[in-house]
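A quick write-up on the structure given underneath.
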Amino acid sequence: MFDRVWTHANLATMDGPAEAPLGVIEDGAIAARDGRIAWVGRRAELPAPAAEVVDCEGGWLLPGLIDCHTHLVFSGNRAAEFEQRLAGATYEQIARAGGGIFSTVRATRDAGEEALFAAARPRLQGLMAEGVTTVEIKSGYGLTLDSELAMLRVARRLGDALPVEVVTTLLAAHAVPPDFPGGADGFARHVAEDIIPAAAGLADAVDAFCESIAFSPNQTALVFEAARRAGLPVKLHADQLSDLGGAALAARFGALSADHLEHASPAGLRAMAEAGSVAVLLPGATFMLRETRHPDIAAMRAAGLRMAVSTDLNPGSSPARSLLLMLNMACTLFRLTVPEALLGVTRHAVAALGLSDRGVLRPGLRCDLAGFRVGRPAELCYWLGGNPCFLRVVAGVPS
């Protein structure tokens with residue numbers, strides 16, 4: 001007997017062939033046992049009874065959505081700076097006045113873990129309400145050993161307190177503290193020699209910001225080599241503002257993903273595809289910063305590169321609190337197709353986190369589901385605003 005069956009549902013399994021990747025099953029059903037998917041198919045072929053039957057009344061069921069790139073643990077916000085930019089202030093002027101990322105760093109350092117948890121919890125709950133069942137949370141607004149570890153502890157605590165899977169990423173190599181002795185070289189060594197070893201029990205992966213305003217490829221490689229010694233996979237903020245070869249660097253280290261990629265070269269994208277890395281697209285940042293340079297989607301398709309879509313939820317460049325809105329932006333700004341966008345928050349987003357037990361509706365995998373009152377899956381990419389999510393299941397348990 002099954003523990004629970006969801007029936008009278010249309011399924012987008014995200015497990016179909018290349019010509020029909022949504023893997024649609026109309027008038028279908030899903031059965032769960034012990035937190036895993038036990039059966040998927042047409043309702044008329046359901047093979048066994050269940051302790052509980054849930055009538056989805058014709059709604060659509062997808063794998064639980066995955067937000068694979070967020071910075072949602074932080075203190076304060078930068079709405080005042082947003083207002084200043086609209087009035088004509090430049091980023092440099094704001095930074096010289098003490099704003100920019102370091103204003104968030106100061107606020108985050110000053111906040112205790114209780115305050116960080118209290119601020120982050122509603123942000124995470126907003127994502128969950130849209131059907132998100134797995135979320136990645138980065139550190140990176142502490143830039144000291146103690147504050148980076150505090151951010152990771154808060155992220156872990158969020159996953160313990162709420163019915164959602166939290167994957168943690170150490171992003172200590174996010175920016176160079178202006179008062180750190182030795183500049184970028186010195187701070188990269190500090191991250192490699194001190195912070196990564198201390199964070200190994202709290203972080204699931206290591207990230208870095210490889211850019212002219214942050215860390216060079218050589219400095220990033222130093223950080224990644226330390227991650228490798230610690231047994232941690234890597235991810236990379238790559239080629240967002242210029243082509244420093246970040247995509248190729250990510251490929252060289254077998255990175256789970258390289259994210260942003262607005263300036264990545266076709267050669268770098270091909271190297272990523274060959275290495276099995278995932279391209280994580282962040283349209284919220286492109287929109288918020290009013291960037292005119294977009295990721296080369298045609299080159300990604302030509303390379304066979306898997307593309308994920310995420311919020312990049314952060315207080316500066318992407319204060320995006322809706323993954324469903326990012327689906328629309330990925331389609332309208334970057335010209336992804338509906339299947340590409342939906343794969344980007346399910347099957348490919350899972351790969352960007354190095355997970356293999358979810359992201360598609362297939363027997364044997366974890367039973368994470370998101371249900372939506374829509375007439376067809378394209379509506380998830382079509383509507384601007386509104387939340388059609390009516391069902392959320394984590395490891396077989398409705399939440």
Nearest 0.5 Å, please: how far is [atom2] in [Y] from [atom1] in [X]?
X	Y	atom1	atom2	value
S147	Y141	OG	OH	13.0 Å
R373	W60	CZ	CH2	13.5 Å
I101	E81	CD1	CD	11.0 Å
I30	F2	CD1	CZ	11.5 Å
F372	L62	CZ	CG	6.0 Å
T337	L342	OG1	CG	8.5 Å

Do any N or O atoms from the side chain of [X] and from the backbone of [Y] form a donor-acceptor pair under 3.5 angstrom?
X	Y	answer
Q240	E211	no
S399	V393	no
K235	A250	no
D239	L244	yes
R306	G276	yes
S75	A115	no
N387	A129	yes
R43	T7	no
R293	E262	yes
H348	V278	no

With R358, the side chain to side chain contact (heavy atoms under 4.5 Å, CB included) member among T133, L353, V350: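 One option only clears the test, and that one is V350.
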
Using a distance-only test with no angle check, is there a side-chain donor-acceptor pair under 3.5 angstrom linking [X] and [Y]?
X	Y	result
D207	T169	no
S322	E130	yes
T70	E136	no
D27	H8	no
S257	D259	yes

So that I can tick it off, tell me whether [Y] and [X] are bridged by a salt bridge, with the cut-off set at under 4.0 angstrom between side-chain N and carboxylate O.
X	Y	answer
R157	E114	yes
R109	D146	no
D357	R366	no
R33	D3	no
E83	R85	no
R301	E340	yes

Please say whether more than 12 non-hydrogen atoms of neighbouring residues, nucleotides or ligands are located less than 6.0 Å from [atom1] in [X].
X	atom1	result
W383	CH2	no
E26	CD	no
R376	CZ	no

Nonpolar side-chain network containing V397, other nodes, edges under 4.5 Å: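 Noted: V397 shares its cluster with no other residue.
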
Hydrophobic cluster partners of M1 (side-chain heavy atoms under 4.5 Å):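 Members alongside M1: none; it stands by itself.
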
Aromatic ring pairing H260/H69, orientation class (parallel under 30°, perpendicular over 60°, tilted between):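 Ring orientation of H260 relative to H69: perpendicular.
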
Aromatic plane relationship, H71 with H174 - under 30° parallel, 30 to 60° tilted, over 60° perpendicular: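 Plane angle under 30°, so parallel.
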
Stepwise salt bridge (Lys or Arg N to Asp or Glu O under 4.0 Å) test for R156 and D204: CA-CA 10 Å; R156 290 280 198 208; D204 297 311; 3.3 Å; yes

From CA spacing to verdict: salt bridge (Lys or Arg N to Asp or Glu O under 4.0 Å), D194, R189: CA-CA 8 Å; D194 303 315; R189 284 195 300 273; over 6 Å; no

Cation over ring face, R123 and F74, 6.0 Å, 45°: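 Ring-cation test returns yes.
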
